[in-house]
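Each remark here refers to the structure printed beneath this line.
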There are 2 protein chains.
Amino acid sequence: MDEVLAAVADPTRRAILGRLAAGGEARVTDVAKPFTISLNSVSKHIRMLERARLVTRRVAGREHFLSLNPEPLDAAVAWASELKELWAWRLGELEKVLG
Amino acid sequence: MDEVLAAVADPTRRAILGRLAAGGEARVTDVAKPFTISLNSVSKHIRMLERARLVTRRVAGREHFLSLNPEPLDAAVAWASELKELWAWRLGELEKVLG
DNA sequence: CATATATTCACCTCTAAAGGTGAATGTTTA
DNA sequence: TAAACATTCACCTTTAGAGGTGAATATATG
């Protein structure tokens, strides 16, 4: 989960995920197009997203097609939800005690 | 949102948040007790959580009491949910086209 | 084959986090 | 006031991400 959260902590990487979510499969070059940073930097971001299993790659000839895999986000969202539930439950218990 | 996600990307910091969610207000020393790392390291983690507004501090005499503030997590969870919805919707559209 | 395009690899700089140690500050209590 | 405790501040080392440039590799197309 650590790698997933660190991966989505960066706005460039969230933008890449948003692009893949909205438009589906896309080449590395196309994914990089909206950004002013170099292609190499985008490639590094993509590698981090792959390491977190948020992005998968399909190679066809000289083109590398990227796809979104949102599944690893589930564990992170579940953690946050459980934390909030735990916190809310404790507040409720506290109110009971305080009358 | 970046700082919040980076903050929760670390397991030590998630453990601190879990402790505060389950047990409510706690002193820095008590929060640090379960960890083998030094008090200074824990203090640094807490400072990052404060910067992300996930933790608030109340000073009483020589004791600093920490509380959880889960609210900044909402934006992060909302982003993830929207991403998944967008992705699922696109899959649906794709199925329509493919028959 | 030669050229253009796509992607990666190798290397560099800068910045910041993680962890540590030791001293300084502030607060309580005997 | 002196001693004990809690917290922070200042500084150091190691590691890693963000960004860049330029070269190497692989593929497609004239």
Side-chain angles (χ1 to χ4, degrees), chain A residues 1-20 23-69 72-73 76, chain B residues 1-20 23-69 72-73 76:
Chain A
M1 180 152 69
D2 303 20
E3 282 176 328
V4 174
L5 286 166
V8 299
D10 183 89
T12 298
R13 289 194 285 265
R14 284 200 303 277
I16 292 173
L17 295 180
R19 148 69 133 126
L20 295 177
E25 250 190 1
R27 292 176 307 161
V28 173
T29 304
D30 293 336
V31 166
K33 202 154 291 170
F35 303 102
T36 60
I37 62 178
S38 75
L39 196 54
N40 266 341
S41 294
V42 175
S43 184
K44 281 185 196 175
H45 283 301
I46 292 171
R47 239 174 296 152
M48 288 198 67
L49 291 170
E50 283 186 281
R51 201 193 308 166
R53 297 184 15 260
L54 287 166
V55 159
T56 57
R57 183 186 300 246
R58 178 176 66 85
V59 180
R62 67 181 172 187
E63 293 172 321
H64 292 214
F65 289 94
L66 307 173
S67 302
L68 175 67
N69 174 36
L73 286 173
Chain B
M1 181 153 69
D2 303 18
E3 282 175 331
V4 173
L5 286 165
V8 299
D10 183 89
T12 298
R13 290 195 285 266
R14 284 200 302 277
I16 292 174
L17 296 179
R19 149 68 134 126
L20 295 176
E25 248 191 3
R27 293 176 306 161
V28 173
T29 305
D30 292 337
V31 166
K33 201 154 291 172
F35 303 103
T36 60
I37 63 179
S38 75
L39 196 54
N40 266 341
S41 294
V42 174
S43 185
K44 281 184 196 175
H45 283 301
I46 291 170
R47 237 174 297 152
M48 288 197 68
L49 291 170
E50 282 186 284
R51 200 191 309 165
R53 297 187 10 264
L54 287 166
V55 159
T56 58
R57 184 186 301 247
R58 178 177 67 86
V59 180
R62 66 182 173 184
E63 294 172 322
H64 292 216
F65 289 94
L66 307 173
S67 302
L68 175 67
N69 174 35
L73 286 174

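Values below: all heavy atoms of this structure, side chains included; hydrogens, waters and symmetry mates excluded. So you know, we letter chains A, B, ... as the sequences are listed, proteins then strands, and number each from 1.
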- Item | Exam field: side chain B:N69 to backbone B:T56, donor-acceptor pair closer than 3.5 Å | no

- Residues from residues 4-12 of chain B lying under 4.0 Å of DNA chain C - heavy atoms: B:D10

- Counterpart residues, salt bridge (Lys or Arg N to Asp or Glu O under 4.0 Å), relative to A:D30 (two or more places apart): A:R27, A:K33

- Provide, to the nearest angstrom, the distance between the CD1 atom belonging to B:I37 and the P atom belonging to C:dT21. 12 Å

- Send over the distance from A:H64 NE2 to D:dA26 P, rounded to a whole Å. 11 Å

- Item | For A:R19 against A:V31, the heavy-atom pair lying closest together | NH2-N, 4.3 Å

- Message: Counting only side-chain nitrogens and oxygens, does B:H45 get under 4.0 Å of the OP1 or OP2 atom of C:dG19?
- Response: yes

- Between A:E3 (CD) and D:dG17 (P), how many Å, whole number? 9 Å

- Taking all heavy atoms of B:R13 and all of B:A6, pick out the closest pair and write down the distance. NH2-O, 3.3 Å

- Take B:F65 and A:M48, find for each the nucleotide of DNA chain D with the closest heavy atom, and name the residue whose nucleotide sits nearer the 5' end. B:F65

- Query: With respect to the phosphate group of C:dG20, does any side-chain polar atom (N or O) of B:S41 fall under 4.0 Å of OP1 or OP2?
  - Reply: yes

- Message: Is it the case that the base of D:dG17 and the side chain of A:K44 share a donor-acceptor contact (distance under 3.5 Å, atom types as modelled)?
- Response: no

- Between CG of B:L66 and CD1 of B:I46, what distance do you get to the nearest 0.5 Å? 5.0 Å

- Please report, rounded to the nearest Å, how far the P atom of D:dT7 is from the CZ atom of B:R27. 6 Å

- Message: Can you tell me which nucleotide in D:dT7, C:dT7, C:dG20 comes closest to the side chain of A:L39?
- Response: C:dT7

- Message: I need the minimum non-hydrogen distance between A:V4 and A:A52, along with the two atoms involved.
- Response: CG2-O, 3.7 Å

- Query: CG of A:D2 versus P of D:dA16: gap in Å, rounded?
  - Reply: 14 Å

- Message: Using a 4.0 Å heavy-atom cut-off to protein, can you give one letter per nucleotide of nucleotides 22-30 of chain C, 5' to 3': B if the base is in contact, S if only the sugar-phosphate is, - if neither?
- Response: B----BS--

- Query: Phosphate oxygens OP1/OP2 of C:dA17: is one of them under 4.0 Å from a side-chain N or O of B:R51?
  - Reply: yes

- Task: Could you check how far CZ of B:R58 sits from P of D:dA6, rounded to whole Å?
- Result: 16 Å

- Between OG of B:S38 and NZ of B:K44, what distance do you get to the nearest 0.5 Å? 7.5 Å

- Among D:dA6, C:dT7, C:dA18, the nucleotide that comes nearest once only the side chain of B:R13 is considered: C:dA18

- Note on the structure: On a heavy-atom basis, the closest approach of A:M1 and A:A76 is SD-CA, 3.5 Å

- Task: Kindly give the heavy-atom pair with the smallest separation between B:D2 and A:P11, and that separation in Å.
- Result: OD2-CD, 3.0 Å

- Given D:dT7, C:dT7, C:dT21, the nucleotide with the shortest approach to the side chain of B:S38: C:dT21

